[in-house]
There are 2 protein chains.
Amino acid sequence: MDVGARLKAVRKMHGLSQRELAKRAGVTNSTISMIEKNSVSPSVSSLKKTLSGIPMSLVEFFSTDIDVIAKEPVIYRAEELLEMNAGDISMKIIGKNRSNRAMSFMDEVYPVGSDTGEEMLSHEGEEAGMVVAGVLELTVGHEVYHLSPGDSYYFESSRPHRFRNTGEEDCRLISCTTPANF
Amino acid sequence: MDVGARLKAVRKMHGLSQRELAKRAGVTNSTISMIEKNSVSPSVSSLKKTLSGIPMSLVEFFSTDIDVIAKEPVIYRAEELLEMNAGDISMKIIGKNRSNRAMSFMDEVYPVGSDTGEEMLSHEGEEAGMVVAGVLELTVGHEVYHLSPGDSYYFESSRPHRFRNTGEEDCRLISCTTPANF
DNA sequence: TGTGAGTGTTCATTATATGTAACATTAAAC
DNA sequence: GTTTAATGTTACATATAATGAACACTCACA
């Protein structure tokens with residue numbers, strides 16, 4: 001991660017000179033020069049102060065992809081979607097071949113009786129989804145929910161959760177998680 | 001933003017002592033102590049090095065919400081979903097009443113002839129979606145795509161884009177954007 | 001051909017962060 | 001009670017970053 005190059009790119013992108021940004025941010029131009037040349041590793045507070053002149057948050061600074069947006073594919077045909085299997089659950093991941101994704105967007109099919117398992121799932125991030133066909137039993141924490149087509153959910157992935165198809169037909173679910181898990 | 005408190009929380013969450021983390025990260029325990037007490041503002045490089053012992057990225061560190069996970073609602077019934085209208089396009093937002101969301105997960109309906117407009121959209125983030133019914137014309141950059149049910153897309157929202165229903169029936173789309181725009 | 005306002009860089013000084021090694025406190029083991 | 005190993009904190013020396021004032025350079029304009 002090239003902090004200097006990124007700051008330079010961000011600054012240029014906003015049409016600011018080192019001195020102009022320095023004035024707005026309340027730091028000196030030499031500080032910015034040194035940071036951009038990677039002659040120093042700025043403290044969190046000074047980087048934050050510097051970015052306040054843009055303005056830009058630290059999250060944005062570290063997550064924004066300055067690199068050229070590669071000519072990534074945009075659309076994924078239904079018949080081309082690669083099917084993955086986790087147990088008997090089928091998942092088709094949209095954008096799987098992209099270099100970096102912020103999300104995992106998926107078309108999932110839970111066959112009758114399928115289950116992510118008694119051991120509850122728990123991981124970083126957030127997830128949301130909508131049932132398109134069939135019924136789904138969703139457990140989050142100590143609550144159990146039953147979802148029909150058109151019903152949806154949104155929760156923090158750190159909360160223990162479990163998906164089951166307790167119905168009598170396959171359940172199809174369109175879901176999304178962030179960050180990308182798959 | 002309380003860097004010290006956050007580091008402490010993250011460290012505790014992973015069951016590490018200052019010394020243990022220090023050893024894994026290749027810094028000294030006193031450095032960690034000082035950072036956690038906010039007696040110093042660590043340099044980006046030393047914070048990064050410190051987090052490598054967790055391990056955790058800078059993005060995660062600055063974006064992770066350590067605050068207590070509020071008792072947010074989890075599921076949203078089809079009939080309860082609030083319908084929003086942008087022109088003649090209908091959008092139902094999942095999780096709208098949540099305090100903070102990383103994503104906008106939506107159930108959208110594009111009536112025949114509807115269009116996000118000649119002026120292409122362009123904003124921060126990434127977006128993905130899958131057509132559930134009808135057909136959709138998606139323009140990204142200079143490319144025009146036609147999607148049928150089961151087809152999907154994933155692209156950087158900074159790329160100019162436009163959605164149109166050029167078909168002869170309503171188009172239903174389940175989509176997600178990050179960060180949350182709606 | 002200056003001249004002036006802009007650009008980014010560099011140097012010496014000052015301020016701040018980090019490493020080393022000590023300290024005090026707690027909890028478990030004997 | 002004493003020991004032992006763990007915890008987090010602190011003091012001082014050293015390393016590093018930030019400041020303020022110079023410097024060299026480019027470009028527009030007279």
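In what follows, chains carry the letters A, B, and so on, assigned in the order in which the sequence lines appear, proteins first and then strands, with residues in each chain numbered from 1.
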- [ ] Measure the angle between the two terminal helix axes of the helix from C/dT1-D/dA30 to C/dC30-D/dG1, five base pairs each, and quote it to 10°.
- [x] 20°
- [ ] Name the nucleic acid region contacted by A/Val40, choosing base, sugar-phosphate or nothing; use a 4.0 angstrom heavy-atom cut-off, strictly under.
- [x] sugar-phosphate
TODO: Could you name each residue pair satisfying salt bridge (charged side-chain N to carboxylate O under 4.0 Å, His left out) that touches residues 23-39 of chain B, not counting sequence neighbours?
DONE: B/Arg11-B/Glu36, B/Glu20-B/Arg24
Open item on the list: Applying side chain to side chain contact (heavy atoms under 4.5 Å, CB included), can you list everything that pairs with A/Arg162, at least two apart in sequence or on another chain?
Closed with: A/Asp115, A/Thr116, A/Glu118, A/Met120, A/Thr139, A/Arg164
Kindly give the atom pairs (protein nitrogen or oxygen, nucleotide nitrogen or oxygen) under 3.5 Å for nucleotides 25-28 of chain C.
none

- [ ] Using modelled atom types only, decide if a donor and an acceptor are shared between the side chain of A/Asn165 and the backbone of A/Glu169 within a distance under 3.5 Å.
- [x] yes
Task: Shortest side-chain distance from B/Ile35, nucleotide among C/dT7, C/dT18, D/dT7 - done: C/dT18
Task: By side chain to side chain contact (heavy atoms under 4.5 Å, CB included) - contacts of B/Thr31 (at least two apart) - done: B/Thr28, B/Ile35
TODO: For the residue pair A/Val135 and A/Leu147, establish whether any side-chain heavy-atom pair is separated by less than 4.5 Å.
DONE: no
Open item on the list: Heavy atoms only, 4.0 Å cut-off, all strands: where does B/Thr28 land among base, sugar-phosphate and nothing?
Closed with: base
Between the protein and nucleotides 10-14 of chain C, which nitrogen or oxygen pairs are less than 3.5 angstrom apart?
from	atom 1	to	atom 2	distance (Å)
C/dT10	OP2	A/Lys37	NZ	3.4

- [ ] Quickly work out the A/Ile32 CD1 to D/dG20 C1' distance and round it to whole Å.
- [x] 15 Å
Open item on the list: Using ring centroids (six-membered ring only for Trp), state whether A/Phe163 and A/Tyr153 fall under 6.0 Å.
Closed with: yes
